Each structure stands twice: as structure tokens, then as C-alpha cells.
Number of protein chains: 2
Amino acid sequence: MAHSVSNSLHSQRNPGVEPQPNERSIDTRSRILAAAGPVFAAQGYSGATVREICSTASVNIASVGYHFGDKLGLYREVINDLRLARAKRFPTPNTDPKKPQDTLQALVNTLLARMLISEESAWETELLMREMQNPTPVFESIVEGFFRPLFDQLTETLRLLVNSELPMQTVQHLAFSTVGQCLYYRVGAEAIQVLIPEQQRTSHYDIDSLAQHITAVMLAACEKFATSQQQIAPSDR
Amino acid sequence: MAHSVSNSLHSQRNPGVEPQPNERSIDTRSRILAAAGPVFAAQGYSGATVREICSTASVNIASVGYHFGDKLGLYREVINDLRLARAKRFPTPNTDPKKPQDTLQALVNTLLARMLISEESAWETELLMREMQNPTPVFESIVEGFFRPLFDQLTETLRLLVNSELPMQTVQHLAFSTVGQCLYYRVGAEAIQVLIPEQQRTSHYDIDSLAQHITAVMLAACEKFATSQQQIAPSDR
DNA sequence: GGATGTTTTAAACAATCGTTTAAATTGAGT
DNA sequence: ACTCAATTTAAACGATTGTTTAAAACATCC
């Protein structure tokens with residue numbers, strides 16, 4: 001009745017005996033995976049339908065049950081493949097301790113490039129954004145695999161730019177300030193589209209311009225934080 | 001067959017003749033509205049079901065069709081009531097041109113308070129967040145009614161803090177930097193919960209601490225931007 | 001080439017969705 | 001008390017969802 005919690009392949013009736021998948025089998029499997037990503041990203045997990053996925057993949061509806069057991073099983077595989085693919089495409093910039101300013105600029109560029117990507121792999125970012133607002137059971141692994149590495153590199157770089165006696169929480173807040181500014185140009189993209197007329201948007205909202213601005217803001221903050229003993233140093237009161 | 005595009009009340013058969021709603025009528029109507037807000041916020045528009053809304057409102061399922069015509073009609077009313085309620089609860093801080101630093105601090109405080117509210121009206125912010133990622137036909141009116149006023153006040157305040165010859169786009173970017181930092185502590189809340197151990201989170205992530213940090217970052221940036229003719233002034237290269 | 005296990009297929013399943021219908025109930029005016 | 005419009009109610013509608021089933025098609029090995 002209820003399918004036992006076993007491998008992803010349902011055909012594996014007797015445990016320990018690996019089935020030998022056909023060439024067609026892995027073809028339909030990969031075709032489902034390729035079609036599922038954009039659909040999950042566009043409609044969300046619960047909004048996406050296995051019928052639409054199988055339709056765009058030119059595959060029978062029962063195939064997802066056969067190859068992934070479940071709709072959630074398919075989603076897990078999509079997330080897993082996404083992590084592997086992105087690790088290769090966006091290599092973390094090599095950190096040069098002698099030029100932390102340049103490292104910060106490179107990190108901001110990488111962050112913005114990940115946010116504002118508009119190629120055929122834009123659905124990946126969309127999917128990660130949906131996970132941030134509607135976390136599914138795979139969210140924690142996403143944070144550890146995706147966000148933690150960049151967050152650590154960002155805090156290390158910012159540490160070099162400020163007074164080394166600043167408490168760690170302040171440096172972490174500076175990292176969140178950096179990420180937050182980058183993230184806004186994706187989360188708030190629809191709002192910006194309403195707030196700013198199109199004429200201005202076309203000329204000053206490319207990745208390089210935004211990266212330069214955000215880097216300048218954070219460098220100014222770091223300089224001020226570097227010369228102050230306290231966490232906050234009001235200027236006049 | 002298909003209900004004609006008319007008033008929200010279906011009972012209004014002959015145009016020009018206002019129906020006189022009962023006491024019970026406006027009671028069920030308001031009870032539906034009160035129940036719909038949190039459900040829409042928690043499940044999203046398409047995820048929410050009129051059955052759950054009517055169940056928590058202790059109202060028949062057909063009532064939403066009678067009073068609001070449609071599920072979307074109910075949603076529009078929820079958004080409309082939300083705008084009116086929030087305009088009263090979060091009055092925009094009065095802007096004193098002589099102390100732009102204080103005005104900025106107050107604006108950041110208001111922004112963060114709107115983001116991190118955890119009272120019984122937390123569903124309102126949740127609903128606005130969902131609109132940002134999954135815009136419905138009411139999104140544009142939300143931006144104009146909710147975001148535009150604070151965005152304008154923010155740009156005016158920042159204008160007083162920087163060189164008055166700076167191009168408008170730079171000031172707008174500074175406003176987005178401010179909003180982005182505040183927004184991150186809500187959008188990235190789930191990620192922060194994984195990245196930062198609970199022990200640290202309890203002591204340095206209250207509204208006042210975060211507002212002080214963000215204000216300090218933006219004041220540092222403004223000071224630097226005020227003394228530079230160019231939009232970006234690299235320090236050493 | 002027949003036997004065996006793997007994969008695909010069409011069809012149906014039960015559950016749930018938003019919406020509609022027609023009758024029952026209520027409330028106010030005369 | 002009767003009338004008539006407003007409102008509520010239970011029930012059903014058609015459509016769509018994820019999942020399952022049993023048979024057909026395929027591939028592989030002896």
C-alpha cells in the first residue's frame with residue numbers, strides 16, 4: 001500500500017540488489033529534473049503541479065512517482081542538483097588579505113550577480129528566494145551549503161577592514177548590512193519598478209553600478225568603525 | 001450564470017437602490033474579514049482556502065461569495081482594510097529639517113518596527129512580504145500607498161545629509177541601502193536563525209540595537225558622500 | 001526466441017478546490 | 001399577520017490536485 005521509505009527507485013523491491021537503469025530510464029529521469037526546476041521556481045512548491053512538470057518534460061504523469069517516489073522526493077532532488085550546479089558556476093572569489101577592499105568589491109559583485117542573474121538559470125535564484133520565505137524541510141541544508149560559505153568569507157574580509165577589537169556581533173551585522181543591500185535589488189525589484197520610472201532604471205541599475213555603490217557605503221562604514229573604540233560613535237550628541 | 005460585474009453585494013439586483021444591511025450581515029462580513037487576513041498571510045493567496053477562512057469565522061462557505069463576490073474580492077477588501085489600519089498605527093515620524101540625523105534614526109526605527117513586529121498584527125507584514133514576491137493585481141496600489149510615502153521621506157532626509165550636488169540616483173540608492181538593511185532582518189530571518197546561534201541572537205538582535213547599527217552605517221556613508229564631488233570616491237586607487 | 005525484470009502508459013482513484021444553486025430563515029415595513 | 005427583500009444554509013457542481021493501479025511495451029540475458 002503505502003510505499004516503504006526506501007531508495008528513490010520504486011522498482012527496487014528487494015533491498016541490496018541494485019537495479020540496472022536503462023538508457024531511456026535515466027533520460028526521462030533527467031528530463032523530469034530539467035523541467036521541474038523552472039516550474040517549482042515559477043509556481044512555488046505547492047503551486048507547481050506534477051502534471052505541468054511532466055507535460056513540459058514530455059513524460060507520463062506516473063513517471064515522477066516511479067523515479068522519485070513523491071512530489072517532495074522530486075523537489076529534494078532538484079534542490080540537491082541545484083547546489084552542485086551552483087557551486088561550480090559561482091566560484092567564491094579568492095581572498096587576498098592584502099587588499100580587503102578589492103575582496104569586498106568582488107564579494108559584492110558575486111552577491112549581486114547571483115541575485116540579478118537573468119539567464120536560463122534564473123530559476124535557481126527564484127527557487128532559493130522562495131525557500132527563504134517559505135522554508136521547506138530542505139532549507140537548513142541550503143543555508144549551510146549556500147549561504148554559510150559566503151557569509152564566513154564576508155565576515156573575514158570585513159574583519160580586516162575594521163578595528164580588530166570590535167566585537168564579533170558588530171562585524172556580523174556589517175555582513176548582514178552588505179547582504180541586505182544586495183538582496184534588496186531582487187526582493188524589492190517589483191517595488192522599485194513602481195517607484196522609479198523606467199528611464200532612470202535603465203541607466204543606473206546595472207550590476208556594476210550597484211556593486212560600486214554598495215561597496216562605497218560599506219567601506220565608508222568600515223572606515224568609521226575602524227577609528228572608533230565603541231560599537232556606535234555618534235558624531236554630535 | 002456568471003455574476004455580473006457589479007457591486008460587492010450580490011443582493012443588489014436593481015441598480016441605484018441601496019440595500020439596507022442587517023446587523024447580522026455586517027457582523028458576518030467583518031468576521032470574515034478578520035479571519036481572512038491571518039489565513040491569507042499564513043498560506044498565501046492561492047494557498048489559502050475559503051473553507052478555512054469561513055471555518056475560523058464560524059460562517060457558511062457561501063457567505064464569502066455573497067458578501068465579496070469572489071475570493072479575489074475578499075482579498076482586495078483585506079488589503080484595503082490593512083492599508084487603513086496601518087496608516088493609523090505607524091504614523092510617519094515628523095521630519096525636523098534641523099536634525100536630519102535624528103529623523104534618519106526615527107525612520108530606521110519605524111522601518112524595523114514594521115518589519116519585526118510580532119504582535120497580533122504580525123500577519124499584516126507577512127501579507128505585504130508575500131505581495132513583494134508574488135505580486136497580485138493589488139500590488140501597485142500597495143506600493144503607492146505603503147512604500148512611496150516612506151521612500152519619499154527617506155530620500156528627503158538623506159538629501160539633507162549629503163552633498164546637495166549629488167545626483168538624485170545616488171540619493172535613491174542610499175535610500176534603498178537603508179531599506180535593504182532593515183528588510184534583511186525579516187527576509188533573512190530564517191537564514192539568520194541557522195547562521196547565528198541562539199545565544200548571540202537573544203542579546204544583539206532587538207530593534208533598538210539593529211536600528212542603531214543601521215543608522216550608524218548610513219550616517220558614515222552620508223558623511224563620506226557629502227565630502228566627495230564624485231558619486232564614488234575610492235580611497236587609495 | 002522465450003523468460004525475466006525494468007520502464008512506460010492510460011486510466012482511475014479519492015481528496016480538495018472555488019463557486020453556484022435553490023430552499024430555508026430572518027428581519028423590517030405596512 | 002402578511003409581504004417582500006435580505007441573508008443564511010446545506011448540498012451539489014465541475015475542475016484540478018497528488019497518487020495509485022494494472023496492463024502494455026521495452027530491454028536484457030540465457
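Predicted model only: the values in this text are computed from it and were never measured. By convention in this document, chain letters (A, B, ...) are assigned in the order of the sequence lines, proteins followed by strands, and residues within each chain are numbered from 1. Scope of the values below: all heavy atoms of this structure, side chains included, with no hydrogens, waters or symmetry mates.
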Flag the pair Arg29(A) and Glu77(A) as a salt bridge only when some basic side-chain nitrogen lies within less than 4.0 angstrom of an acidic carboxylate oxygen. yes
Please determine if Arg186(A) and Glu126(A) form a salt bridge, counting it only when a charged side-chain N lies under 4.0 Å from a carboxylate O. yes
Protein-nucleotide distance ([X], atom [atom1]; [N], atom [atom2]), rounded to Å:
{"X": "Leu72(A)", "N": "dT19(D)", "atom1": "CG", "atom2": "C1'", "result": "14 Å"}
{"X": "Ile32(B)", "N": "dT9(D)", "atom1": "CD1", "atom2": "P", "result": "10 Å"}
{"X": "Phe68(B)", "N": "dG18(C)", "atom1": "CZ", "atom2": "C1'", "result": "16 Å"}
{"X": "Arg51(B)", "N": "dT20(C)", "atom1": "CZ", "atom2": "P", "result": "13 Å"}
{"X": "Leu74(B)", "N": "dG18(C)", "atom1": "CG", "atom2": "P", "result": "11 Å"}
{"X": "Glu52(A)", "N": "dT17(D)", "atom1": "CD", "atom2": "P", "result": "9 Å"}
{"X": "Ile53(B)", "N": "dC17(C)", "atom1": "CD1", "atom2": "C1'", "result": "13 Å"}

Asn109(A)-Arg114(A) side chain donor-acceptor pair, cut-off 3.5 Å: no
Heteroatom pairs (N/O) under 3.5 angstrom, protein to nucleotides 8-11 of chain C:
from    : atom 1 : to       : atom 2 : distance (Å)
dT8(C)  : OP1    : Thr28(A) : OG1    : 2.7
dT8(C)  : OP2    : His67(A) : NE2    : 2.7
dA10(C) : N7     : Asn60(A) : ND2    : 3.4

In terms of the angle between their ring planes, are Phe176(A) and Tyr185(B) parallel, tilted or perpendicular, with boundaries placed at 30° and 60°? perpendicular
Is the Phe68(B)-Tyr75(B) ring centre distance short of 6.0 angstrom? no
How about His173(A) and Tyr205(B): are their ring centroids closer than 6.0 Å? yes
